[in-house]
2 protein chains.
Amino acid sequence: MLLRDGRGLKHVVVREYVRELVAGSAPGSPAPSERELVTQFGVARMTVRQALDALVAEGLLERIPGRGTFVARPRREPTRITGFTEEMSRRGLLAESQTLVARREQAGPGVARALNLTEGDAVIHWRRLRRGDAVPVCLEDNYLNEILLPGFLQSGMPTSLYDALSARGLRPTWAEDSISADVATAEEADLLEIEPATVVLRHSRRGMVGDKIVNVSRSVYRADRFTLWLQLGDDAD
Amino acid sequence: MLLRDGRGLKHVVVREYVRELVAGSAPGSPAPSERELVTQFGVARMTVRQALDALVAEGLLERIPGRGTFVARPRREPTRITGFTEEMSRRGLLAESQTLVARREQAGPGVARALNLTEGDAVIHWRRLRRGDAVPVCLEDNYLNEILLPGFLQSGMPTSLYDALSARGLRPTWAEDSISADVATAEEADLLEIEPATVVLRHSRRGMVGDKIVNVSRSVYRADRFTLWLQLGDDAD
DNA sequence: TAGTGGTCTAGACCACGAA
DNA sequence: TCGTGGTCTAGACCACTAA
């Protein structure tokens with residue numbers, strides 16, 4: 001079903017027409033009325049409603065009974081699942097990255113459990129020292145399920161892990177995170193250019209898309225250089 | 001419009017009938033077919049579709065063209081915005097709370113900005129020492145916009161702030177959080193029963209419902225007793 | 001082939017908002 | 001009063017799945 005090109009479906013035609021029509025309009029601007037669209041496209045009103053229903057559901061439009069249909073104010077969006085590169089650029093800092101380890105390894109017990117693999121299964125281990133505006137900010141270990149990412153190590157390491165995962169349709173849309181405060185080990189302190197036993201923020205993440213567990217990351221941040229910002233919830237009042 | 005009791009609307013009748021019918025069914029169980037419901041309720045098929053559309057949108061049902069309509073597997077849900085009490089009970093710990101301060105104050109510059117008030121405006125300041133299974137875990141300062149919560153201090157302090165806000169229709173559905181690692185001040189260390197300058201996790205939150213900023217909290221957690229757990233994203237693959 | 005959901009029509013009446 | 005969105009009808013044809 002639905003092998004016809006989307007442009008052939010009338011409700012899709014109307015939907016995309018309205019979407020482009022209101023693109024860039026200020027919140028509160030009126031959209032065409034349903035009966036206007038009926039005459040304009042020569043379709044039934046139910047078809048127009050189906051088109052508008054979709055735009056209302058995605059938060060672009062808002063219906064007010066007795067008044068009309070209007071451009072909705074943009075919804076607030078919860079924090080997306082991003083990596084260091086995007087996070088730094090959001091803060092207006094230049095993200096740099098130095099790969100310390102990039103190799104195939106056998107999963108240890110913790111990584112195996114987190115990736116839902118068996119101990120000893122092959123995983124990709126990628127360790128990077130992350131800088132923001134040239135200052136060491138974060139030491140990040142990523143473990144990837146090699147079965148999901150054949151040839152990943154051979155294809156040359158990308159700048160942004162999440163961009164590389166996106167290209168393979170494996171960008172996590174869901175994550176389980178844990179965040180704690182701790183002190184740096186000697187090795188961490190050395191790489192982050194801080195004194196041993198200095199306060200750090202630890203952040204572990206399990207990234208998933210659908211039912212697939214894509215990666216596990218363990219990051220340690222300099223507490224004097226990094227605060228985690230989050231937006232939670234949704235605007236469904 | 002819609003002053004008729006919801007039970008009078010046919011698509012609502014059908015929707016709630018189906019909702020109760022499939023309540024408790026295993027994911028993958030078949031729901032009644034659209035045409036079955038048409039004959040059963042004596043309504044048009046568009047009406048049945050409207051009813052089922054709502055259940056599909058909320059993730060209860062799933063349509064598979066050519067096969068039928070089925071109970072969907074429950075969606076994963078991002079971490080809700082909760083407070084200490086719910087968080088502890090989720091971990092199977094007994095949450096206790098000792099109020100140290102509960103009074104009306106004038107907002108300082110930081111609190112005023114966070115609550116979008118003017119410096120010197122009245123705010124409710126509520127400071128509590130929070131214990132999990134009798135061990136001090138967290139010192140929490142809450143600042144509430146008094147205009148939104150008239151008589152809050154007089155009504156007796158509740159166990160759970162979020163429960164009390166729910167009762168007034170002011171439970172935050174949206175929050176902006178910041179999380180950092182730090183060391184305890186002398187006062188914090190004393191109350192949390194740790195050594196001064198011990199590592200702690202700081203968590204600030206601005207809680208909102210709609211456009212209203214309800215509260216600002218600043219919590220300091222013993223790092224040896226608390227790790228923050230989060231689930232981010234949604235299951236819209 | 002029979003049954004399913006997806007799309008679509010050409011109407012209708014209702015409650016509400018604004019003029 | 002007129003225009004709006006909300007609800008509802010009684011059909012229709014299509015593409016797909018499963019027997």
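Each chain gets a letter, A, B and so on, in the order its sequence line appears, and its residues count up from 1. Note that the coordinates shown come from a computational prediction; the quantities given were computed from them, not determined experimentally.
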**Q.** Interatomic distance where CG belongs to A:L52 and P belongs to D:dG5 [whole Å]
**A.** 8 Å
Q) If you check the A:E34 side chain, which of D:dC8, C:dG5, D:dG5 turns out closest? A) D:dG5
Q. Can you find a side chain N or O atom of A:T69 that sits less than 4.0 Å from OP1 or OP2 on D:dT4?
A. no
Q | First of B:V43 and A:R67 reached from the 5' end of DNA chain D, by closest nucleotide | A | A:R67
Q: May I have the distance from B:L55 (atom CG) to C:dG5 (atom C1'), rounded to whole angstrom?
A: 15 Å
**Q.** Spacing of CD belonging to B:E119 relative to CZ belonging to B:R113, to within rounding of 0.5 Å
**A.** 9.5 Å
Q: Could you pick out which residue, B:R45 or B:G66, lies toward the 5' side of DNA chain C when each is mapped onto its nearest nucleotide?
A: B:G66
Q: Check the distance between C:dG11's P and A:R35's CZ and give it to me in whole angstrom.
A: 13 Å
Q) In terms of side-chain heavy atoms of A:T47, which of C:dC8, C:dG5, D:dT9 is nearest? A) C:dC8
Q: Find the distance B:R49:CZ to D:dA12:C1' and express it as a whole number of Å.
A: 14 Å
Q: Using the six-membered ring wherever Trp is involved, compare the ring planes of A:H125 and A:Y143 and label them parallel, tilted or perpendicular (cut-offs 30° and 60°).
A: parallel
Q: In whole angstrom, give the distance that lies between atom CE of A:M46 and atom C1' of D:dA12.
A: 15 Å
**Q.** B:S33 side chain, from C-beta outward: closest of C:dT4, D:dT7, D:dG5
**A.** C:dT4
**Q.** B:E36, nearest nucleotide to its side chain (from D:dG5, C:dT4, C:dG5)
**A.** C:dT4
Q. Among C:dA12, C:dG5, C:dC8, which is the nearest nucleotide to the side chain of A:H11?
A. C:dC8
Q. B:D53 CG to C:dG5 P: how many Å, rounded?
A. 12 Å
Q | Any A:R80 side-chain heavy atom under 4.5 Å of A:E86 side chain | A | yes
**Q.** Residue whose nearest DNA chain C nucleotide is more 5′ - A:G42 or A:I64
**A.** A:G42
Q. Tell me: NZ of A:K10 to C1' of C:dT7, nearest whole Å?
A. 10 Å
Q.
What I want to check is whether the side chains of A:T99 and A:W126 have a donor and an acceptor closer together than 3.5 Å.
A. yes
Q) Parallel, tilted or perpendicular for A:Y221 and A:F226, by the 30°/60° rule? A) parallel
Q.
What is the separation between atom CD on B:Q50 and atom P on C:dG5, rounded to the nearest whole Å?
A. 17 Å
